[in-house]
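Every heavy atom of this structure was used, including side-chain atoms; hydrogens, water molecules and symmetry mates were not. Sequence positions, counted from 1, serve as the residue numbers for this chain.
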Amino acid sequence: MAHNKGSSLSNSRGREIYVGSEIRDSISLLDVLYSNAFEEEDIDYAVAKKTEVDFYRGAPPQWLNFCWAERATSADKTTPFIKRDGYTELIQNIKKKLKGDLTSTMNLLHQPGSGGTTLAKQVLWDMRKTLRCAVLTGPTSDITAIAKQVIYLFTAGSQGHQNTVLLMLEDERILENLQDAIIKEIAERNITTHMPVVIILNCVHKAVIKQEDHNNSRHVILRTELSEAERQQFEEKQIEFSRSYSNEHKQFHGFNIMRENFSEDYVQKTCALSGDVRKHRRPKNSQLLAFLSLVNAYVPGSHLLQSQCQAFLGPPDPIYGGPSFEQRMKPFTHLIVTFPARQGQDKHVRMAHPLIAEQCVKVLATAGVTRSDTARNFLTEFCREEVQQFLVQDMLTKREMGEERKDTFSRLIQDIEGEESKSNVVSVLQLASEIFKQNPFIPQNLARFHYIETRAYFKAEKWAKIAKDRDPKSSFVADTLGQVYKNQLKSRVYDPSLSAQEILQLSKKAFEAFRDEERAAENEQGADMQDDGMTKVSRIFNNRGLFGYLQVANIVFDSLVSLDNNWKKVLTMEISADSFFISIGQKKLFKYKPLISSLRDEVERKCEFFDGYLTYSKPSIEKDEPHYFQTDVKNCYHKYVGTCTPIHSESGIGVPLQKLKEEMAIAFPGLLSCLDKGYDKTHLRRITILWEEIKEEWEKKKDGGGENKAAQNFILANIILSKVEAASPVLTPLPILRGILERHLLANFGNQTPEFYFLVLLLFWPEEYKKMGFNVDLNKCVLEMQESYKNTYKKHLRSRYLRPLIFLGKGEGLSRLVHRSKIEKLLARENPMAGPDTIDQKWSSGEVWREPIVQDLLLPVIGVVRQHRVFACVDGKEIEVCADQRRKVWKSEDVCFYLGFTIRGPVAYGIQYPSHHGYVLYSGPVRSCTTCANVMESTNWVQVEPVAITKEAPMFSTSPPGRYECRVSGLRWVCKTYVSLQYQFSSWEPHRAMVKSLGYKQGGPLLDVTVISGELEEVQLPHFACFGDYPSFKEKVRVLHVEDSGVSVEQVDEVTRFHVKIVHPSFSPKGVLVRSGCPVKAHCDLLLYQAKTAFLTLHAYLVPCDSSVEQAMKKKEQSYGYRSIRKPQPVKSLRMKDWFSLTSSSPSAEVKPPKMKLRYDNTTPNFFEVFIEDADVDFGMKLISDVEGEIVWDHTIRKADYRHKTTQNSQNLHFVDLHRTDIIQRVCQVKPILDKILANRVITDEGYSTVMAKRTTQDQMRALYMGPLKASGIRAKNIFYEILKELEPLLIKDLKGE
């Protein structure tokens, strides 16, 4: 495209950057739509008109079509390019994705011929100035190369010029792998961005669109049906065409079919073939029409190359003066379209519309040219080159495999069988197999057809072996031979003449075939696991060999037992095969003894594999295993293993082990799934006791391996039992369970199983306020677990979604471990009408983490994202964890999440970036009190600053649906819609006498709340009472309700550690009351204020933790010129009315009064005055309880705390420099501030990105100070100050002492 500056790409600021040929050459797999496409270019009128005609005849859209439609070049062009109804929805969804994840996907499901590709390209054209738009057009075999080019397109230009890529994709088979590859590339290149990298618009051909597709919010649907509004647009365009194209528009079949609302009559009329379509001695153009019709009808979106078509038609070639391709195709020319591929490539040829292709196939079949005739003719006359192999393979073998439809064969094969005969299917597949002699999939499909449809098992065996010979390393090809033998055996199960020998003979072949498949699957590797060029690569592990073996074992068991019930004892090894064969006089069966003797052990081994496979993983986060899968495995296990003890078992351990096998609790995964099976406490007690017996037996034997495994299962049995019976007498105390693990850890930290490290993480994950006697390096444990997983399970579970098995909940000890089944039961109870699919949808969409019942159950964990890696911040350490959805991890910031444990290690679920929108996620109590650590506290609150302050209502908040806590007042509220509310502190003084007469005392601030708009589901009022030593505290707590008519006392719905909850509240001044005489203590604070005097003077207020008191004292002290010195609160609660002394380590300190009584006064509390004349060093201060003689507060007052220079230099500093430390530490809304600074041109795009790339808000503010503010001088600081006054009003007022 001609342009004096070259091609340009948009950046995130809506500007353009020009790119050179080196960038264009580096993205050859993508058809990039540059933002200045066709601008200032002289478009050839004839070329544009030809492109327009081709498009409306049925050719796919070119970028020129959209450009030409925008240019009003004549009076005849009066109507715009038609936008189908899905256009607006697509645009809106893309804009939503721009505020979302690192990578995201949106599906455009479109029925063939409905205009889906056109709609997608239209969206790309209209968004080219906003995003970097591209279509994936290159080969899809190298996913890594595609990912690299997508990232290259995103990063083109400097750091400040990045922009999100909108990528159109038409091959859904590569979607998941492509997303993974893009995220991997982002992480490896450590790309820092504040925007999504790529939004994939996935265009999916879908013949049948069901209601489930409409219910999925990620889908935009396009059907072969027009709305009234769309019909009107087509009619207006038709009028325009009749003026500008005379009679030519009658052959605009692509347009006309849609205008006629995909009318069958129009298609039939159009396809009334006038040419020679007889079966024998047909002209070449008639044959070629049949080929194109067949290909386009059964492989949507496919084409043939024009050069190949001309070669088929034969001489004379147009190059040497012969007629054109279009002329040679008469009278069928109007039914086909030719169109250019990418520049320099051969033209493509296809039918004008899929409906025309399908109708032509029917017309030809009626004339005697059947589908199988055309297929055979296409194979022999056209497919002489390997280039057609994949087209033929799709046509003959590709099945519809959607959720609602799983066809047995391809549509062409099914139609040939339905409209013609089974023999014609066989002849087509056999011919294709002979032509493409290296292709294993066509003979594999022929084998499948024989064993499923014709029941010709010997022919099926022959073709299955041919397929296997063509690709001997493929386990998926090998599976067919096993299926042939299995189905042959099944077909004879009900034959009364079938003998035991025949059953064993047939089953032996099936068992051997499935064992071969299993070996092939074990030798296959994932793409990321390949270590040489000879290894077979498979994205998933093929479990069909293992599963097929169990299916055959099920058939064998049922068949043999139906002949003689004693076979049950033989197959379960309760009696020997030798004695049984002799007793029935069947010596011929001795040759099958090795097979029979190995069956039970083989079944047990394979069932143990599936036990872990199905417990630890599932196909994907959205998809579960088919129901029959688990049923068949379970039935086979019960038949062979779960009924009796084999004769060769060890005497001491054999009996309890067999009992556990009967309970299906013999292995770690089986124990984990006991709760899913609904086992009650009786079952679980018995299982726990049995594992204790086995553990003790192994300890006597001093067998390290057996003892270790038994110990792990014993510990897990205790954990599972604790979920249904927390105080069970059978439970082993937690310290003893930890001691068992400690012993094994000390003996061998490395080379343990993933299950061992799983238990270590569960039992040794730090608890708040609790120290463990044995310290475990959890980071090392996580690394060892991941390595162990890699060696043990990665090969088998690759590409599968690892299930969260246990979550970290609130509470302590074993009670804080939450089994996944608990969450699912709560969700089912909360939504009794919802089925399993609805619950699964909540998990896959992430909605589960927004459920209040889940938020109340699980413990939010504070963490940090750094270089696309997630760390949990626990007990002063950072522990690396995996992200459940890596696309959500891209900004290096503080985060909050729920912690779950898979068999690979700890995983962060429901990751949130709390600092978005100026909110801070509050994960737990800021206050630290050892006295009430056992009392429940509701968590996961978004902290908000009041957004406006007026004299009438000092505090005002507006919030969308969610759970919020005001940082100033401590008030919490829950809303399901937007609400606006105002609230302020009120005085207790007018009500003090009444409260006392009712037998209560104040327990927190009195808050006057008014809802301006919206509705609150609940409010939570703050209190300072500590209930750690008083278990039945709820009965002693009430709320004072102040009305015009007087006061009343109300009950509360719930009391938590620092709040009381009221559901569906009415509003008036409210405050927490505690029954007089109730022996509760108070959470307290020591508020320190320093006078601005020559000598150090401190005021120390000992008060209950009441935000109204804190605000009153702050206002009072600042009015006298005092400033606050922040120190932590006492770590335990204090008794009201006790006396306390304050002491200082400074020898010259004077403290008055020497003692003070702790009392509640929310207006004029007393204080200690500390005076030190010569203060020039750090000194200590202690608060001591006179009653108990205990130090309850002990902190150092450092020189830096109280030495603040007030020299002339500091007075000349700008406000933002003078308060630099406070601003860096306390500003929350960094992004909105930066947006306004950028708008005022204080910072460049590149500077903006540099600041936003910093990990924390503090680092971002430091970068702002060190860079743009420092460089831009006083003007920049003035602008910054005004922005702070607007966005951080409370902070500025506080710093100014207002």
Side-chain angles (χ1 to χ4, degrees), residues 52 55-61 65-66 68-70 77-97 105-127 166 168 170 201-245 249-270 300-301 352-359 402 404-405:
E52 184 174 64
F55 170 65
Y56 287 114
R57 287 191 59 236
N65 287 120
F66 304 108
W68 188 248
E70 288 180 352
K77 188 180 290 186
T78 57
T79 60
F81 199 93
I82 297 173
K83 294 184 170 87
R84 289 214 59 185
D85 287 349
Y87 174 87
T88 302
E89 188 178 356
L90 271 178
I91 294 287
Q92 288 173 345
N93 285 353
I94 289 168
K95 288 179 178 178
K96 288 178 185 175
K97 301 285 185 188
T105 303
M106 188 167 40
N107 294 322
L108 172 59
L109 306 186
H110 59 105
Q111 293 179 298
S114 62
T117 302
T118 301
L119 174 60
K121 283 196 163 185
Q122 195 171 13
V123 167
L124 264 64
W125 175 263
D126 289 346
M127 300 203 78
L166 177 59
M168 178 179 157
E170 293 188 279
L201 177 52
N202 185 32
C203 298
V204 183
H205 282 99
K206 203 164 178 112
V208 180
I209 294 176
K210 298 264 182 132
Q211 186 58 43
E212 303 92 87
D213 298 317
H214 285 280
N215 294 341
N216 192 322
S217 60
R218 292 185 302 165
H219 294 166
V220 175
I221 308 293
L222 203 61
R223 291 179 174 274
T224 49
E225 183 180 349
L226 298 182
S227 67
E228 283 301 322
E230 289 172 326
R231 289 186 187 187
Q232 183 63 35
Q233 290 184 69
F234 274 92
E235 289 303 325
E236 290 172 1
K237 181 65 75 173
Q238 169 71 4
I239 294 169
E240 178 187 311
F241 284 164
S242 64
R243 288 198 305 266
S244 55
Y245 284 107
H249 74 276
K250 294 178 181 178
Q251 294 188 355
F252 286 2
H253 296 315
F255 172 83
N256 290 333
I257 285 175
M258 295 181 75
R259 181 179 64 83
E260 295 286 343
N261 204 14
F262 307 92
S263 163
E264 192 174 329
D265 289 342
Y266 178 89
V267 175
Q268 288 176 351
K269 182 180 177 182
T270 301
H353 195 277
L355 292 180
I356 289 178
E358 291 171 10
Q359 182 63 26
E404 70 290 334
R405 181 175 174 181

Distance-minimising heavy-atom pair for [X] and [Y]:
X	Y	answer
E170	T117	OE2-OG1, 3.0 Å
I356	A352	CD1-CB, 4.1 Å
L108	A120	CD2-CB, 4.1 Å
L355	V267	O-CG1, 3.5 Å
Q111	R223	OE1-CA, 3.2 Å

Exercise. Answer yes if the side chains of E236 and Q232 hold a donor-acceptor pair under 3.5 Å, and no otherwise.
Key: yes
Euclidean distance, [Y] [atom2] relative to [X] [atom1], rounded to 0.5 Å:
X	Y	atom1	atom2	result
Q251	N256	CD	CG	10.0 Å
S114	M258	OG	CE	6.5 Å
R84	L226	CZ	CG	5.0 Å
L119	K121	CG	NZ	12.5 Å
L124	I94	CG	CD1	7.5 Å
T224	I257	OG1	CD1	11.0 Å

Self-check item: Check: E260 side chain, Y266 main-chain N or O, donor-acceptor pair, under 3.5 Å
Solution: no
Hey, does [Y] have a side-chain heavy atom less than 4.5 Å from the side chain of [X]?
X	Y	result
W125	E70	yes
H353	F262	yes
H205	H110	yes
M127	L201	no

Quiz item: For the ring pair F55 and F255, is the centre-to-centre distance below 6.0 Å?
Solution: no
Exercise. Let me see the working for Y245 and E52 under side-chain contact (heavy atoms from CB on, under 4.5 Å), right down to the final yes or no.
Key: CA-CA 11 Å; Y245 284 107; E52 184 174 64; 2.4 Å; yes
Exercise. Report the relative orientation of the aromatic rings in Y56 and F81; use parallel for angles under 30°, tilted for 30 to 60°, perpendicular for over 60°.
Key: tilted
Quiz item: T79 and side-chain hydrogen bond (donor to acceptor under 3.5 Å, both in side chains): which partner among E235, K237, Q233?
Solution: K237
